[in-house]
Each structure stands twice: as C-alpha cells, then as structure tokens.
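Computation of the quantities below employed the complete heavy-atom set of this structure, encompassing side-chain atoms and omitting hydrogens, waters and symmetry-equivalent molecules. Atoms within each ligand, like the ligands themselves, are counted from 1 in listed order. This one's a predicted model, so the numbers in the text were calculated from it and none came from an experiment.
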Amino acid sequence: MAIVRTTCNQAVRPLTATFGSRGWSVGGCALDDLVDRFGSPLYVMDEATIVSAASAFVLGLRSAYPGPSEILYASKALCNTGINRLIHELGLGTEVVSGGELATALAAGIPADRIVFQGNAKSPDEIDLGLEAGVGRFMVDNLDEIEALQARAAASGRQARILLRINPGIEAHTHEFIRTGHVQSKFGIRPGAALDYALERLEASRNLEFMGLQLHVGSQIFDITPFLEAADVGLDLAAELAGRNLPVRELDLGGGLGVAYTEADDPPSIADLTAAVGKAVAQGCERRGLPLPKLMLEPGRAIVATAGCTVYQVVAEKRTHERQSLLVDGGMADNPRPALYDAVYSCDPVAGRMGNRGDAPSGAESTWTVAGKACEEGDVLVKEATLPSVGGKRRLVLWTTGAYCFSMASNYNRLVRPAMVVVGDGQADLVRERESFEDLLAHDRLPLRFISPSPRPDLASP
Ligand code: LLP
C-alpha cells in the first residue's frame with residue numbers, strides 16, 4: 001500500500017478528511033451517511049492515515065538504521081481484531097499487555113512470534129497463556145516476574161525469550177499520569193543492584209533466554225530528546241553487559257511519540273523521530289564498539305490517533321446566562337480522556353461551519369461547551385469550542401480520537417460502546433459492532449433468593 005505522507009501527525013484530521021457539499025467526509029465516505037447507516041455515536045477510522053503512519057515508522061527506521069529493526073504496534077491504543085490485523089499486514093509486530101490483548105492479537109491471526117508480551121503485573125494465568133501461545137518475547141518488568149516465568153516455563157517444559165524493562169530515570173514533559181520513565185515510576189527495573197540481581201537470576205534460569213533491554217519514557221511526548229537520552233542509557237548498559245558476556249541483541253526504545261489534538265500542537269513527525277533515533281543508536285554503537293542490536297519502537301497513539309474521529313448526534317442546545325452547551329449522545333463513556341487528563345480536542349459540525357469552509361449552512365460562530373450525556377459534571381468533551389449554532393438535530397465530529405478512546409471506553413451509566421468502522425476509497429467496513437442491551441445484561445446474574453414472593457415483612461411500608 002502506498003505511503004501518503006510521512007508527517008500526518010502534524011494534522012488534527014485524518015489525511016483523507018475533506019469538506020464538500022455533503023459536509024465532512026473521511027475515506028471517501030460522508031460522515032452523515034455513515035451515521036445514518038451505523039448509528040451514533042460512531043468511531044470512524046481512516047485506513048489511509050493508519051497505512052501512512054505505520055509505513056512511515058517501518059520505512060523510516062529501516063532507512064535510518066543500518067541494523068535490523070522492528071516496529072511493534074502498542075495495541076493498548078486501540079485493540080480490535082480488525083485494526084490489529086490491518087496494522088500487522090503493514091509489517092508491524094504487536095505489543096500486548098494482558099491476556100485479553102493477547103487473545104485479541106491471536107484471534108486477529110497475528111503469528112505468536114511477532115507478539116511481545118508486556119505488562120507489569122502479569123498473572124500466573126497470563127504467563128501460561130503467553131507460554132502456551134509461544135509469544136516472541138516476554139517483556140519482564142520486575143524481579144518476581146523472572147521467578148514466576150522461570151517456574152511456569154520449567155513446569156510446562158517451554159523456553160521463553162526475555163527483554164528486561166529498564167526504568168531509565170528520564171523526565172519526559174507530558175501529563176504526569178502518562179510519564180513512565182522517571183525514577184518514581186512503577187514501571188521497570190532500575191539500573192544498578194536491581195538490574196544486576198535480575199541478570200543473575202536470568203543467567204541461572206534454564207528456561208529463560210536474555211535478549212535485550214526496553215526503555216519507554218512516556219506517552220504524548222513532543223520532544224525527541226527523551227528518546228535519545230533513553231537510547232544513551234540503553235547503550236551504556238549494553239556496553240556494560242557486553243563486558244559481562246551478556247550481549248544486548250535487542251534494544252527497544254518504547255512508544256510515546258505525541259500527536260496534534262489541536263492546531264496549536266506541533267509534535268515531531270514520525271520521520272523526524274525514526275531518523276534521529278536510528279542515527280543515534282547506530283553512532284552510539286560505533287562509539288562504544290558494540291555490534292548493532294535489533295532496534296525496536298512500540299508506537300501506539302502515533303499510528304491510530306489521527307486516523308480516528310468520533311461522530312455524535314447533538315441532542316440539545318442549552319443556553320444559560322453563564323454558558324451555552326451542546327449536549328451530545330456520547331461523552332466520557334466513549335472518550336474518558338478529557339475527564340482523566342484534561343485532554344483538549346478539536347471538533348467541527350459535520351455539516352461544516354459558517355463562512356470559513358465555503359457553502360456550509362448555519363448561524364454565526366460563538367463559544368460552546370460540548371458536554372456528554374453521563375451523569376457526571378466532568379463529562380465535558382470540549383470546554384470551549386468555537387462553533388455555529390448547529391441545532392438540536394445536527395451532528396458533531398470530534399477529531400483525533402483513534403487512540404485511547406475505544407480502548408478506555410466504559411459502560412458507565414450503562415451506555416453501550418459505539419460501533420467502529422474503517423473507511424477507505426468510499427468503502428466502510430464494520431470492525432466493531434455497537435453493543436446491545438443484551439451485551440450489557442449478558443454477565444449479570446440475578447440470584448433467585450433475592451426475589452421474595454412478597455415484600456419482606458420488616459421492610460413493608462407501615
Ligand atoms: N510501550 C509501552 C511500554 C507503553 O507503556 C506504552 C503506553 C506504549 C508503548 C505506547 O505509547 P504511545 O505510543 O501510545 O504513546 N491512556 C493514556 C496513554 C497511556 C499510555 C500507556 N503506555 C492517554 O490516553 O493518553
């Protein structure tokens with residue numbers, strides 16, 4: 001598939017988003033038509049933007065780095081069999097962090113040896129699942145995991161290949177909830193005594209094979225420097241381990257590249273990141289006299305965020321003296337990021353705005369709060385959006401919702417999770433059905449003893 005553009009993360013909208021007489025379209029499909037067909041709210045994923053971003057990672061690292069390389073899709077960003085498979089077909093491996101994500105990757109038909117099993121608190125069952133499936137690598141986060149993995153691998157007569165997750169002690173400038181490389185982070189093993197002990201245990205573990213190191217510094221990062229610092233920490237450790245006859249054959253610098261959620265955001269492009277990291281690792285190896293390890297990156301957000309948008313039905317317009325709000329038929333249940341991280345999103349009326357995009361109908365623009373339908377004051381998708389009055393029957397599109405929206409969605413207020421379609425060349429394919437009330441009720445159990453033939457006497461009304 002062709003690469004459309006390597007700097008797609010500078011844009012807030014998908015690469016194929018266009019505005020015309022039918023309002024906003026993505027992938028050649030009018031958003032209005034998609035909602036008529038699949039219902040609202042609706043997650044829409046643009047295939048061309050995913051292809052562009054995934055290919056930019058694979059080809060960018062391949063051209064910048066003279067050694068072997070692999071891009072792993074961090075499937076926590078958007079985990080679905082259709083999406084996982086589409087990305088795998090572009091040459092990427094898959095990173096999973098739980099039994100559920102592993103089951104999804106396997107159901108998508110991804111070969112187990114292209115799956116890396118991350119996760120800082122894997123349960124014994126999850127370890128067994130990974131061993132049985134034969135995942136390519138276990139990413140080990142802590143010392144107890146080494147013991148557990150060795151015991152379970154020995155019990156089932158299997159071998160496991162290991163990458164150790166290092167806490168590199170790097171401060172990346174991003175929201176504190178998604179910084180993971182700093183010294184107080186719950187993730188990874190600190191270099192020094194803890195790492196020495198981990199390596200000793202690994203050497204003594206007959207069923208485990210040490211392959212290398214992983215260093216992930218955080219998410220939604222707008223600066224390439226922390227990635228280069230992580231590369232330096234990783235290569236310094238690799239040099240030290242080479243002296244102890246423990247070659248670091250693989251170096252994984254994690255995910256974390258940021259994307260633009262508003263026009264004001266200006267993250268580095270995928271090409272900038274892969275070029276800088278590829279060059280830094282190659283030069284760093286040369287300086288230290290190290291053979292080139294296999295270089296890996298684990299992007300999630302940068303592959304799917306910009307490709308996605310969510311279309312909502314506006315249910316009502318509400319005006320008070322203090323503010324005017326558009327109330328939509330979704331919100332924090334399908335996108336908890338504004339409530340959780342103060343995340344800021346851009347939106348447009350599906351039918352367009354007055355004045356700035358040609359022939360769109362509707363009134364003069366003013367400032368609106370876009371609020372969701374959950375019984376929660378904090379359920380606000382956009383605090384201040386400059387929009388025309390769209391009227392109670394119109395639709396709104398929130399851009400850049402491809403990452404960490406569906407994957408973090410909930411059934412709060414017993415709202416059903418929306419459907420998801422992948423669009424391209426005028427075609428829309430359903431990759432996730434809208435949940436039904438039957439789905440919601442499927443796991444409830446009503447014990448018979450709760451159902452009394454008559455009201456309990458002591459509680460009967462006087
Ligand atoms: N690798 C590791 C070890 C990770 O922990 C993560 C993300 C990634 C890769 C992928 O990072 P990305 O390229 O997507 O930034 N829910 C938060 C983001 C949490 C990220 C967790 N780890 C949000 O909505 O912003």
Quiz item: So does R158 pair up with D128, basic N to acidic O under 4.0 Å?
Solution: no

Just which atoms of ligand 1 are under 4.0 Å from any heavy atom in [X]?
{"X": "G256", "result": "11 (O), 12 (P), 13 (O), 15 (O)"}
{"X": "G300", "result": "12 (P), 13 (O), 14 (O)"}
{"X": "Q214", "result": "3 (C)"}
{"X": "P299", "result": "13 (O)"}
{"X": "A74", "result": "8 (C), 9 (C), 10 (C)"}

Quiz prompt | Nearest neighbour of atom 4 (C) of ligand 1 from the list R301, Q220, Q118, K76, on a heavy-atom basis | solution = K76

Quiz item: When you measure from atom 24 (O) of ligand 1 to each heavy atom in M408, R165, R337, which option holds the nearest one?
Solution: R337

Practice problem: Please lay out, stage by stage, how L292 and V281 fare under the test side-chain contact (heavy atoms from CB on, under 4.5 Å). | Solution: CA-CA 8 Å; L292 293 176; V281 174; 5.5 Å; no

Quiz item: What part of Y341, side chain, backbone, both or neither, has a heavy atom within less than 4.0 angstrom of ligand 1?
Solution: side chain

Quiz item: Backbone, side chain, both or neither: what part of H216 comes under 4.0 angstrom of ligand 1, heavy atoms only?
Solution: side chain

Quiz prompt | Under 3.5 Å donor-acceptor, T306 side chain and V12 backbone | solution = no

Quiz item: Does P14 offer a backbone N or O that forms a donor-acceptor pair with the side chain of D46 under 3.5 Å?
Solution: no

Self-check item: A302 heavy atom under 4.0 Å from ligand 1
Solution: no

Quiz item: Is there a heavy atom in A77 that sits closer than 4.0 Å to ligand 1?
Solution: no

Quiz item: Would D223 and T225 satisfy side-chain hydrogen bond (donor to acceptor under 3.5 Å, both in side chains), going step by step from the backbone distance to the final call?
Solution: CA-CA 6 Å; D223 178 7; T225 314; 2.9 Å; yes

Self-check item: Step-by-step side-chain contact (heavy atoms from CB on, under 4.5 Å) determination, E200 to L195
Solution: CA-CA 9 Å; E200 261 171 45; L195 179 59; over 6 Å; no

Exercise. For N84 and S75, test the side chains for any donor-to-acceptor distance below 3.5 angstrom and give the result as yes or no.
Key: no

Quiz prompt | Over-ring placement of K122 relative to F117, 6.0 Å and 45° cut-offs | solution = yes

